[in-house]
Amino acid sequence: MSAPDPRKDPRYRRFRGGAYAVYILLTTLFSVWILWSVGRSVAAMTPERPPDAPQLLTFRECLDGAQALWAELESEREKLVRVSPARDVDRQWMRFRTAWLERLRQRESMCGLESRDRERLRAVYRRLETVQDLYTIHAVQYAGEVGGAVDALHAAFATARKDPGAGKLP
């Protein structure tokens, strides 16, 4: 039979139990706080879907509206690589994304996408939102992973241009 562990003195069992209880309580409170904060943040960045408008647009108008939203989304995505500093891409994208989603939700409400005869149109709008989600992931990854390197490259160019030999021809 092995000797009891001297670090676990039975006189302090109540205190160890209390320390574990406090640890579990604080960890649980912290986790709930994080989940609450993330939930509020996501809710603030994602506008609700308004009810269908009383007067719906035609199928063609809705398709043209989706095309215009796509062109706007693609145009903004192309601007991502020109944002300086590059680490701010995600913040700029999130501002654009929220406003763009509000326009998308408004257009969806004017198109009555839940009706059976607009199933293909509904698929277009769902795909459009999926692409926007992927672009959001891209913007966050670009800002976090590539942005620092791009900013450092711009700084290196600026420093090199200040070199006295930068204007001389060989």
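If you're wondering where the values come from, they're calculated on a predicted model, not measured in any experiment. Just so you know, residue 1 is the first one in the sequence shown, and it goes up from there.
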Y135 vs E74, test: side-chain contact (heavy atoms from CB on, under 4.5 Å). Steps then yes/no. CA-CA 9 Å; Y135 281 180; E74 186 63 12; 2.5 Å; yes
Steps toward side-chain contact (heavy atoms from CB on, under 4.5 Å) verdict (Q92, L80): CA-CA 9 Å; Q92 181 175 333; L80 289 180; over 6 Å; no
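Applying the salt bridge (Lys or Arg N to Asp or Glu O under 4.0 Å) test to every pair with at least one member in residues 80-89, sequence neighbours left out, gives these pairs: D88-R91. Pairs of residues two or more places apart, or lying in two chains, that qualify as salt bridge (Lys or Arg N to Asp or Glu O under 4.0 Å) and include a residue from residues 104-114 are R49-E108, R105-E108, R105-E129, E108-R126, E114-R126.
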For residues 32-44, please give each side-chain donor-acceptor pair under 3.5 Å, one per line with the distance, not counting sequence neighbours.
from: S37; atom 1: OG; to: W33; atom 2: O; distance (Å): 3.0

Identify every side-chain donor-acceptor pair in residues 51-62 under 3.5 Å, counting partners at least two apart or on other chains, and give the distances.
from: T58; atom 1: OG1; to: E61; atom 2: N; distance (Å): 3.1
from: T58; atom 1: OG1; to: E61; atom 2: OE1; distance (Å): 3.3
from: E61; atom 1: OE1; to: T58; atom 2: N; distance (Å): 2.9

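In terms of heavy atoms, A86 sits closest to D151 at N-OD1, 2.7 Å. Considering all non-hydrogen atoms of both residues, V89 and A139 come closest at CG1-O, 3.8 Å.
For the atom pair T98 OG1 and W93 CH2, the distance stands at 11.0 Å (nearest 0.5 Å). Atom NE2 of H154 and atom CZ of F157 lie 8.0 Å apart (nearest 0.5 Å). Distance check: W70 CH2 to L104 CG gives 13.0 Å after rounding to the nearest 0.5 Å. The CG atom of L134 sits 12.0 Å away from the CZ atom of R77 when rounded to the nearest 0.5 Å. To the nearest 0.5 angstrom, L73 atom CG is 11.0 Å from R97 atom CZ. One finds the CZ atom of R120 at 11.5 Å from the CG atom of L63 (value rounded to the nearest 0.5 Å).
Inter-residue side-chain proximity for V150 and Y142 is flagged as met; some heavy-atom pair is nearer than 4.5 Å.
By the 6.0 Å contact criterion, CD on E119 is open, its count of non-hydrogen atoms from other residues, nucleotides or ligands being 12 or less.
Checking side-chain atoms of W100 against main-chain N and O of L69 turns up a donor-acceptor pair under 3.5 Å. Checking side-chain atoms of S109 against main-chain N and O of Q106 turns up a donor-acceptor pair under 3.5 Å. With R118 contributing its side chain and C111 its backbone, the two residues share a donor-acceptor pair below 3.5 Å.
Applying the salt bridge (charged side-chain N to carboxylate O under 4.0 Å, His left out) rule to R16 yields no partners; only residues at least two apart in sequence or on another chain are considered.
Neither L121 nor M110 shares a network with the other; the hydrophobic side chains, linked directly or stepwise wherever heavy atoms of I, L, V, M, F, W or Y lie under 4.5 Å apart, form separate groups for each.
Taking a 4.5 Å side-chain heavy-atom cut-off between Ile, Leu, Val, Met, Phe, Trp and Tyr, the cluster of Y23 extends to I24.
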